[in-house]
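The next block holds one structure in the form of structure tokens; read it before the comments.
The sequence lines fix the lettering, A, B, ..., with proteins before strands; numbering per chain opens at 1. Please read all numbers here as calculations on a predicted model, not as lab measurements.
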Number of protein chains: 2
Amino acid sequence: MGRIPPATVKRLCFYLHLLERLKKEGKEYVSSKELAERLDLTDTQVRRDLVYFGKMGKRGMGYEIEKLIKELRKILKIEKPRRAILIGAGNLGTALLASPFFRKRVEIVAAFDADINKVGRRIHGVPVYSDCEISRVVREMGIKIAILTTPPDVAPDIAGILINAGIQGILNFTPASIKSPPGVFIHDVDLTMELEYLSFFVEEE
Amino acid sequence: MGRIPPATVKRLCFYLHLLERLKKEGKEYVSSKELAERLDLTDTQVRRDLVYFGKMGKRGMGYEIEKLIKELRKILKIEKPRRAILIGAGNLGTALLASPFFRKRVEIVAAFDADINKVGRRIHGVPVYSDCEISRVVREMGIKIAILTTPPDVAPDIAGILINAGIQGILNFTPASIKSPPGVFIHDVDLTMELEYLSFFVEEE
DNA sequence: ATAAAATAGTGATTTTTTTCACAAGGTCAA
DNA sequence: TTGACCTTGTGAAAAAAATCACTATTTTAT
Ligand SMILES: NC(=O)c1ccc[n+]([C@@H]2O[C@H](COP(=O)([O-])OP(=O)(O)OC[C@H]3O[C@@H](n4cnc5c(N)ncnc54)[C@H](O)[C@@H]3O)[C@@H](O)[C@H]2O)c1
Ligand SMILES: NC(=O)c1ccc[n+]([C@@H]2O[C@H](COP(=O)([O-])OP(=O)(O)OC[C@H]3O[C@@H](n4cnc5c(N)ncnc54)[C@H](O)[C@@H]3O)[C@@H](O)[C@H]2O)c1
């Protein structure tokens, strides 16, 4: 399949979400032109992105929405929602667990927290374990993806435990920077940074 | 100052956060080489990014951390934390309001919600108003930035109200897509998408 | 059946971004 | 003061990404 530019992967996610909206609206086909317009891209770019994965469109018609959704889900490896664990059931972690939209897309099989008041309970249906059990659960269940929402100071240690237990992808919401060995993919999401990024483009009062 | 590549702006945020950590550690100077190593970039790229804004380094020495922090904060227009409002004090909105790290970087002057049980109260110190008052407050206080954490279905309408009232930047956490007129900058953050993006790079179980 | 309209796919080109290679300063120890 | 050593800043080159211009199909209206 060749090397896919990360920018393309990001756009695939956008395509997928838009396609699902269009499907709900009852549409069957969509053209690269329409996708491009709705996502503020060029139609050529949409086609280039999609053709990385083979010819998926129908000339004169566009792309079959249902089929393209299936294809994109396969490419992104989310045909079935992926199993993941969440470490740190605090404000942000709980918000994620509470979000039906989020929960529909990923199967969070367990949460972990150091707070003994939380351990043993369920939060929005997800069982909360002690952080001492991370390693065991990850191994036993063969989990590959972890969502990290602990305080930043413990994040590197927890990340070490996760990687050691066989986790291969970490969605890191903490501002701590995490060193990853080859084969482990860290994706940092820093909400504070997103605001600062926005600020650059907005004139001051 | 010329046109700055968005990728550079994103990296400026990374530099800033790392520099602040280094400052706390008591360091005075840092080289592009070290910045690059810690952020998984090349030293040339760090220097290229910084030199867009003038010569800020000292040959043989590196960059003066304190001075560079000041400079970056000026470039990102966050010398003083920017004033912003938050619409939708639900799970995610409340998590943001609860985060000291987030609150240190942006001054959230008001929250808005349609739920009358929330209106009139304070959440983590921030007063909650009815969504009917958005327009008035934005105008009176001259707010330019809004954080949107409502359910997706009302997001486009709220965005319309915000833009009409003079908001120039929206940090949109909803999966709804928001059309912006020229002069208004929408920055979409879709936490679900971040997970799907990560999934692409992680082998399936 | 035919022509007009729509639309995907693609080689070539352009634009943008990143990296290379190195000159120009500066530090620091002896 | 000298010379070895760093580190920035930058023109040129390379690489990557996006766009253009066009071809090949397919649909649709007549
Ligand atoms: N809340 C936000 O909106 C927001 C915004 C930006 C960044 N962040 C970052 O996200 C992370 C979480 O933020 P939060 O607001 O949810 O914090 P929080 O304090 O509400 O939650 C952290 C949770 O982690 C748990 N924890 C502590 N040590 C642990 C350990 N060793 N193992 C497992 N769990 C442990 C705590 O008990 C707590 O429940 C922080 O790193 C924060 O900087 C949060
Ligand atoms: N919670 C998450 O972690 C998460 C993850 C991914 C995406 N999101 C998105 O973020 C948004 C918020 O998620 P949430 O989990 O906080 O939802 P939520 O339902 O907990 O919160 C939404 C809040 O918006 C308020 N609201 C409704 N209509 C309003 C209006 N017209 N004006 C002002 N406020 C109004 C509600 O009263 C509620 O307090 C959603 O669009 C969701 O899809 C959230």
* Is the Lys NZ or Arg CZ of A:Lys58 less than 6.0 Å from the centre of A:Tyr29's six-membered ring, within 45° of the axis? ->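 Cation-pi check for A:Lys58 and A:Tyr29: fails.
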
* Asked: Taking five pairs at each end, how big is the angle between the two axes of the helix from C:dA1-D:dT30 to C:dA30-D:dT1, to 10°?
  ->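 Terminal axis comparison yields 20°.
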
* Asked: Hey, which of these two, A:Lys58 or A:Thr8, hits DNA chain D nearer its 5' end, going by closest nucleotide?
  ->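 The answer here is A:Thr8.
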
Using a heavy-atom distance cut-off of less than 4.0 Å, which residues of [range] contact DNA chain D?
{"range": "residues 37-50 of chain A", "answer": "A:Thr42, A:Thr44, A:Gln45, A:Arg48"}
{"range": "residues 60-70 of chain B", "answer": "B:Gly60, B:Met61, B:Gly62, B:Tyr63"}
{"range": "residues 23-34 of chain B", "answer": "B:Ser31, B:Ser32"}

Residues [X] and [Y] bridged, charged N to O under 4.0 Å:
{"X": "A:Lys23", "Y": "A:Glu66", "result": "yes"}
{"X": "B:Arg38", "Y": "B:Glu34", "result": "yes"}
{"X": "A:Arg83", "Y": "B:Glu204", "result": "no"}

* Look at the side chain of B:Arg139 and the backbone N and O of B:Gly166, then say whether any donor-acceptor pair between them is shorter than 3.5 Å. =>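 A pair under 3.5 Å: no.
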
* To do: Taking the side chain as every heavy atom from C-beta outward, state whether B:Phe112 and B:Val128 have any pair of such atoms under 4.5 Å apart.
  =>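 SC-SC contact between B:Phe112 and B:Val128 ruled out.
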
* Anything under 4.0 Å to a heavy atom of chain A counts; send over the first and last such nucleotide of DNA chain C, read 5' to 3'. =>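 For DNA chain C, the relevant span reads C:dA6 to C:dA12.
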
Count the heavy atoms of every other residue, nucleotide or ligand shown that sit under 6.0 Å from [atom1] of [X], and state whether that count exceeds 12.
{"X": "A:Lys33", "atom1": "NZ", "result": "no"}
{"X": "A:Glu28", "atom1": "CD", "result": "no"}
{"X": "B:Lys74", "atom1": "NZ", "result": "no"}

* DNA chain D: 5'-most and 3'-most nucleotides touching chain B, 4.0 angstrom heavy-atom criterion ->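 The protein-touched segment is D:dC6 to D:dA12.
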
